[in-house]
Amino acid sequence: NAGVTQTPKFRVLKTGQSMTLLCAQDMNHEYMYWYRQDPGMGLRLIHYSVGEGTTAKGEVPDGYNVSRLKKQNFLLGLESAAPSQTSVYFCATKGQPSYNEQFFGPGTRLTVL
Amino acid sequence: GQQLNQSPQSMFIQEGEDVSMNCTSSSIFNTWLWYKQDPGEGPVLLIALYKAGELTSNGRLTAQFGITRKDSFLNISASIPSDVGIYFCAGLSGSGNTGKLIFGQGTTLQVKP
């Protein structure tokens with residue numbers, strides 16, 4: 001089992017470019033989350049999904065879009081990247097509603113110039 | 001919105017020393033979680049707390065759910081070099097089954113052999 005994987009691991013973009021980050025999980029979890037991690041600020045929730053075909057906004061959703069067309073995949077899109085979106089992005093998944101542990105992927109380091 | 005204040009921000013200790021860190025909030029949380037993040041990796045769950053006043057251990061780690069439900073503490077006894085990393089507290093946010101977590105800013109731990 002690979003658990004939670006993220007693609008790519010690193011990416012450099014120019015301002016205004018677009019890209020999609022892929023999160024894939026093989027744990028059959030219903031819940032998936034996208035976070036960004038910035039120095040001194042912990043992890044902040046961007047968007048999340050409680051099941052296939054559903055998405056919802058988190059704490060810092062502006063400038064990002066997401067899609068959950070398949071249960072195992074959660075995509076995070078940046079339509080027009082800005083330097084403020086330079087960050088490390090983590091995907092996480094969770095199984096049953098009553099079980100609160102989130103399992104994290106290894107992260108994607110994104111730099112926007 | 002809900003916020004968690006985690007302290008200290010960083011610690012530099014000698015191997016063998018005990019470590020204490022805490023998390024406080026102005027809001028009540030019904031679940032507290034403690035995660036550790038190794039360099040270049042995603043966070044991994046250390047301890048989960050579900051009841052006010054609960055004291056839970058995991059090896060050399062002990063965590064407590066504050067009686068007011070607005071704080072939590074993590075202690076590491078007899079630190080070793082592999083304890084190095086960033087420790088995050090997280091509180092389960094809101095009602096329902098979204099599983100949304102609010103993270104503290106993190107405590108960076110460095111251990112000198």
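Residue numbering restarts at 1 for every chain, and letters A, B, ... go by the order of the sequence lines.
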- line: Scored by heavy-atom pairs under 4.5 Å with chain A, the best of B:P43, B:G104, B:G42 is B:P43
- prompt: Above 12 or not: heavy atoms from other molecules or residues under 6.0 Å from CZ of A:R44?
  reply: yes
task: Kindly indicate whether the side chain of B:F103, heavy atoms from C-beta on, has any atom under 4.5 Å from the side chain of A:E59.
output: no
message: Which atoms of B:Q6 are under 4.5 Å from chain A, going by heavy atoms: the side chain, the backbone, both sets, or neither?
response: neither
- prompt: Quick one: are A:Q37 and B:F88 in side-chain contact, heavy atoms under 4.5 Å?
  reply: yes
field: A:L43 CG to B:Q105 CD distance, which is reported to the nearest 0.5 Å
entry: 11.5 Å
- prompt: When clusters are formed by joining ILVMFWY residues with side-chain heavy atoms under 4.5 Å apart, either directly or through shared neighbours, do A:Y89 and A:Y48 land in the same one?
  reply: no
message: Is it the case that the side chain of A:Y31 and the backbone of B:K100 share a donor-acceptor pair, with hydrogens and angles ignored and the cut-off at 3.5 Å?
response: no
field: Among the listed options A:P39, A:C91, A:G40, the residue most often paired with chain B at heavy-atom distances under 4.5 Å
entry: A:G40
- prompt: Closest approach of A:F90 and B:Q37, non-hydrogen atoms and distance?
  reply: CZ-NE2, 3.2 Å
query: Honestly curious: do A:F103 and A:L21 fall in one hydrophobic cluster under the side-chain, below-4.5 Å linking rule?
result: no
Joint cluster assignment, B:L92 & A:M32, ILVMFWY side-chain distance < 4.5 Å: no
query: In terms of heavy-atom proximity below 4.5 Å to chain A, should B:L4 be classed as side chain, backbone, both, or neither?
result: neither
statement: Applying a strict 4.5 Å limit to non-hydrogen atoms, the region of A:Y35 in contact with chain B is side chain
field: Over 12 non-hydrogen atoms of neighbours within 6.0 angstrom of CD in A:E79
entry: no
field: Same cluster (ILVMFWY, side-chain, under 4.5 Å), A:L75 and A:W34
entry: no
field: Heavy-atom proximity to chain B below 4.5 Å, by part of A:L45
entry: side chain
field: From CD (A:E101) to OG1 (B:T31), nearest 0.5 Å
entry: 12.5 Å
message: If hydrophobic clusters are built from ILVMFWY residues whose side chains come within less than 4.5 Å, do A:L76 and A:F74 share one?
response: yes
